[in-house]
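The structure appears below as structure tokens.
Values below: all heavy atoms of this structure, side chains included; hydrogens, waters and symmetry mates excluded.
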Amino acid sequence: MPLPTTDPVETHSALAAWRAVTLAQRELARDIARLIADTLAAMFPGAAYLTMTIDDDADPDCELFPDTVRDGSGTVLLAFDDDTDLPELGPEHEELDRRWGSFNYRSPLSLRGVLRNLFHAGAVFDRLPLDLDLDDYYGDDEEVVCMLLSPEGRPYEWELPSPDNWDVGSRGLRPYCAAPQSTGRPAAGN
């Protein structure tokens, strides 16, 4: 095994290559998030949010769980059940079906695996806006994150970190978003 080098050119080249690969991975993660959003919105008209819970006490490999698909008012359109496949896409969504290839996107377990891989790769999901008031649905000990599935979805905080901040900003997964409006929380940085 070669010894580590301290040559600044080689070190810089390795860092530059690593950064390029990381940014490419994040771009692919955004493409996958858009595919998930488009698919769930096609299956459940009016879908605005995919909610997920994070169980900090669980094994880190399985701490993220898809929970519900909700409309813009927070009404549950689907509560995930590991034993029940998601509906088939109709013939009008042939392109979405093709983009999934041989992957079984109807399986909640398979979808959960993709979401966990995105999460473990450093993806940052949104949080639900305060005005949806889902405190009765989720316990105080559950961390709830979401993916915005359509322009009806509103985030907890409108501003994601700047994409120019490559180590944080480009990790945000927001396939869609409503036009900025009040969520009951000030804009980031205020």
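- No hydrogens or angles considered: nothing links the side chains of Asn104 and Ser107 as a donor-acceptor pair under 3.5 Å.
- Leu96 CG to Met43 CE: the interatomic distance, rounded to the nearest 0.5 Å, is 9.0 Å.
- Here Arg99 contributes atom CZ and Leu35 contributes atom CG; the two are 4.5 Å apart, rounded to the nearest 0.5 Å.
- Residues Pro108 and Asp81 fail the side-chain proximity criterion, which asks for heavy atoms closer than 4.5 Å.
- Here the CD-CG distance, from Glu95 to Leu89, works out to 11.5 Å after rounding to the nearest 0.5 Å.
- Annotation: the span from Trp100 atom CH2 to Ser110 atom OG amounts to 9.0 Å, rounded to 0.5 Å.
- Shown are Leu132, Leu128, Val145; of these, the side-chain contact (heavy atoms from CB on, under 4.5 Å) with Thr51 is made only by Leu128.
- Going from atom CZ of Arg154 over to atom CG of Leu130 covers 10.0 Å, rounded to the nearest 0.5 Å.
- In terms of heavy-atom proximity, Ala47 sits nearest to Ala41 at CB-CA, 4.1 Å.
- No donor-acceptor pair closer than 3.5 Å links the side chain of Arg127 to the backbone N or O of Cys146.
- Side-chain contact check for Asp71 and Tyr49: no donor-acceptor pair (N or O, by modelled atom type) lies under 3.5 Å.
- Shown are Leu77, Asp38, Thr39, Leu50; of these, the side-chain contact (heavy atoms from CB on, under 4.5 Å) with Leu149 is made only by Leu50.
- Contacts of Phe80 classified as ring pair (Phe, Tyr, Trp, His ring centres under 6.0 Å), with partners at least two apart in sequence or in another chain: none.
- At least one donor-acceptor pair closer than 3.5 Å links the side chain of Ser150 to the backbone N or O of Glu152.
- A heavy-atom distance below 4.5 Å is found between the side chains of Tyr105 and Asp97.
- Here the straight-line distance linking atom CD of Glu27 with atom CD1 of Ile32 works out to 11.0 Å at 0.5 Å rounding.
- Under the 4.5 Å side-chain contact rule for hydrophobic residues, Leu28 and Leu115 do not share a cluster.
- Grouping the Ile, Leu, Val, Met, Phe, Trp and Tyr side chains by contacts below 4.5 angstrom, directly or via other members, places Ile36 apart from Leu109.
- Note on Ile54 and Met52: same hydrophobic cluster, where clusters join Ile, Leu, Val, Met, Phe, Trp and Tyr whose side-chain heavy atoms are under 4.5 Å apart, directly or indirectly.
- Within a 6.0 Å sphere centred on CD of Glu94, other residues, nucleotides and ligands contribute 12 heavy atoms or fewer.
- Closest of all the heavy-atom pairs between Pro129 and Pro155 is CB-O, 3.9 Å.
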Test Thr22 against Arg26 for side-chain contact (heavy atoms from CB on, under 4.5 Å), laying out the working first.
-> CA-CA 6 Å; Thr22 300; Arg26 292 177 185 170; 3.5 Å; yes

